[in-house]
**Q** 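Okay, here's the structure, questions in a sec.
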Amino acid sequence: MPLKMYNTLTRKKEEFIPLSPPLVKMYVCGMTVQDRPHIGHMRAYVVSDIVKRWLTYRGFRVKHIQNVTDIDDKVVEKAKTLGRDYRELAEENAAEFMRCSDIMGIERADFYPRATQHIQEIIELVSRLVQKGCAYSTDTGVYFDISRFPDYGKLSRKRIDDLIKGARVQIDETKHSPLDFALWKRAKEGEPFWESPWGRGRPGWHIECSAMSMKHLGETIDIHMGGEDLIFPHHENEIAQSEAATGKPFARFWLHNGLLRLLGGKMSKSTGEFIPALDVLQRFEPDAVRLVFLSTHYRHPMEYSEARLEEGEEALTRMWECIEMLGEKSEEEEKTKGGYLSDDIANFWKDFEDAMDDDFNTPKAIGGIYSLIKDVNLNAENMDGSTARLYRDTLASSLKILGMRMREKELGVFTPRLLDLILDVRQKLREENKYDLADKIRENLSRLGITIKDTPEGSVWKI
RNA sequence: GGCGGCGUAGCCAAGGGGUAAGGCGGUGGUCUGCAAAACCACUAUACAGCGGUUCAAAUCCGCUCGCCGCCUCCA
């Protein structure tokens, strides 16, 4: 089964073949850092992480560039409101983003270009558009002339007439069409600026992505990703300005993730209704957050729910415990020639790969993992060591492909011998029917992160 | 108003012409001093509603209702 992905440009699932295999050039629309990263951003970047990991699994070599838009209207505005230097604000939020991204186990991009470090490239691109007659300069800035790009609207499937009719944009009198968008904005008093052929100013919102994508990946790339709220106008405008400048396709596959909703509405920086990613990641196991994200198809909208995050933690624990159980079993001596179930594993991989190849169907792939766990538990009794090892490796690598890690056990102040000692004493208490004390010990250890399980074979501790 | 998407059990969620994956919860059970965990079994005659096409529809078509996104900054 070929690898297929849904391309917003064609509104179809298409077989993915990069321009120059095995290289895949992937540009992920990063954050505009006027505010803290919220949990919705994390969903987007977990999605891009999955795409990258799967492509890598399939033998491609992914060159991944993710921008940081550290200068634009919003950054300037926010810095002004806070009375802070915009650079300081931008770097602070960018740093928090990187921190969250690392906590989520999102693989780092090859490079995170910043708009402020590509002013020269941006100016060159704008000049190119002006020279080609696709852009014009006015008192307020330089604008892209959409009438010079007949394909305008091809990504968002919008008709120019409809856009003009429904326009809620305040009209800048100097623009030829209300839909023309800024490539370069003249600086007002007190605003940050760079020198340019059109006077002191700063880049418009969309141009930095075109300039940085072209600089780091070339004029035509394989995959361009982002949230579905970016389809219009951001990505539409990127296409217009890039293709008008180069005459070549800007990106071959456009992938967009569904948004994370809060109370039925969109989570966004503009409404102020958002949950900072760091808060969530400090309260919930990051891999559980990832598991919950991956339990809904990436193109579907998803409701933020703490109940689901809790469920996710439990589900993840169950996966971990199954793998740990298999790990212990695989150490055992081979006493029986228990069922060697390689067919099961082969079928599991086939289903897993088919699901992932079909537009990254992670919910289906995860469903397969749960089924395999059920199978394992059903057959655990009469499984020999090598079979257990096979299942363990299968489960562990499937989780790894999805970007989830194994549980790290931290004993903290305890040592195994100390815990054994405590359990010994507690066992004495139990034998003397001093259950209140024994229960107290169990309860207190639980608060310290040590779980005691009283099984027929005796008590065991777990972290 | 224009364009697009979605509506599957109490909840979450795959599937998307051939007879409903999976998870959570719930119920019953195994185990247990109790508990927790884990495990086992059961848990949708049915896919928003109404029509149509078909031997066959949750899946295709039409209409209706509801929700959401974009059209303004946003992952």
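Any value given below was found using the heavy atoms of this structure, including those in side chains, with hydrogens, waters and symmetry copies removed. Owing to the predicted nature of the structure, the values given are computational and were not obtained by experimental measurement.
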**Q** Could you tell me if Lys78(A) sits above the aromatic ring of Tyr86(A), with its cationic atom closer than 6.0 Å to the ring centre and no more than 45 degrees from the axis?
**A** no

**Q** Does the Glu236(A) side chain pair with the main chain of Ser156(A), one donor and one acceptor, at a distance under 3.5 Å?
**A** yes

**Q** Could you measure between the two C1' atoms, the one in C60(B) and the one in G17(B), and give it in whole Å?
**A**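 That atom pair is separated by 8 Å.
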
**Q** Would you indicate, yes or no, if C34(B) has its OP1 or OP2 atom less than 4.0 angstrom from a side-chain nitrogen or oxygen of Arg430(A)?
**A** no

**Q** Tell me what His297(A) touches on the nucleic acid: a base, only sugar-phosphate, or nothing, going by heavy atoms under 4.0 Å.
**A**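 Sugar-phosphate, no base atom in range.
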
**Q** Heavy atoms only, 4.0 Å cut-off, all strands: where does Leu260(A) land among base, sugar-phosphate and nothing?
**A**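 Result for Leu260(A) = base.
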
**Q** Glu321(A) has a side chain; which of C73(B), G22(B), A37(B) sits nearest to it?
**A** A37(B)

**Q** For Lys154(A), does the NZ atom have more than 12 heavy-atom neighbours from other residues, nucleotides or ligands under 6.0 Å away?
**A** yes

**Q** Using only heavy-atom distances, decide whether a donor-acceptor pair under 3.5 angstrom links the side-chain of Arg442(A) to the base of C34(B).
**A** yes

**Q** Measure from the side chain of Phe232(A), starting at C-beta and using heavy atoms only, and say which of A37(B), A14(B), C71(B) lies closest.
**A**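 For the Phe232(A) side chain, the nearest candidate turns out to be C71(B).
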
**Q** What distance, rounded to whole Å, do you find between the two C1' atoms, one in G69(B) and one in G62(B)?
**A**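 That atom pair is separated by 24 Å.
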
**Q** So, does the side chain of Asp351(A) form a donor-acceptor pair with the base of G22(B) at under 3.5 Å?
**A**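 For Asp351(A), whose side chain was compared with the base of G22(B), there is no donor-acceptor pair (under 3.5 Å).
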
**Q** Can you tell me whether the side chain of Asp454(A) and the base of C34(B) have a donor-acceptor pair closer than 3.5 Å?
**A**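 Answer yes: a donor N or O sits under 3.5 Å from an acceptor.
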
**Q** Taking the minimum atom-to-atom distance to the side chain of Arg318(A), which one of C12(B), G23(B), C71(B) wins?
**A**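 Of the candidates, G23(B) comes closest.
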
**Q** Please measure how far the C1' atom in U27(B) lies from the corresponding atom in A14(B), and state the result in whole Å.
**A**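 The same atom, C1', in both gives a distance of 25 Å.
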
**Q** Nearest-Å distance, CZ (Arg261(A)) to P (C67(B))?
**A** 12 Å

**Q** Does a side-chain N or O from Arg157(A) land closer than 4.0 Å to OP1 or OP2 of C71(B), or not?
**A**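 Checking Arg157(A) against C71(B): no side-chain N or O falls below 4.0 Å of OP1 or OP2.
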
**Q** Ring-plane angle category for Tyr45(A) and Phe97(A), please: parallel below 30°, perpendicular beyond 60°, tilted otherwise.
**A**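 Rings of Tyr45(A) and Phe97(A): perpendicular, over 60°.
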
**Q** Would you check if Met319(A) and Ile373(A) make a side-chain contact, meaning some heavy-atom pair closer than 4.5 Å?
**A** yes

**Q** So, is His300(A) close to the A14(B) phosphate, meaning a side-chain N or O under 4.0 Å from OP1 or OP2?
**A** yes

**Q** Taking only the side-chain heavy atoms of Tyr435(A) (C-beta and beyond), determine which of G69(B), C71(B), G33(B) contains the nearest atom.
**A** G33(B)

**Q** Of the options C71(B), A75(B), C24(B), whose atoms approach the side-chain atoms of Lys158(A) most closely?
**A**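 The nucleotide sitting nearest to the side chain is C71(B).
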
**Q** Which nucleotide, A36(B), G23(B), A13(B), lies nearest any side-chain atom of Lys453(A)?
**A** A36(B)

**Q** When the C1' atoms of A37(B) and G66(B) are compared, how many Å lie between them, rounded to an integer?
**A**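 Each nucleotide's C1' atom is 42 Å from the other's.
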
**Q** Nearest to the side chain of Glu228(A), which nucleotide is it out of G23(B), A14(B), G69(B)?
**A**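 The answer is G69(B).
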
**Q** Check the phosphate of A38(B) against Asn377(A), side-chain N and O only, distance under 4.0 Å to OP1 or OP2. Yes or no?
**A** no

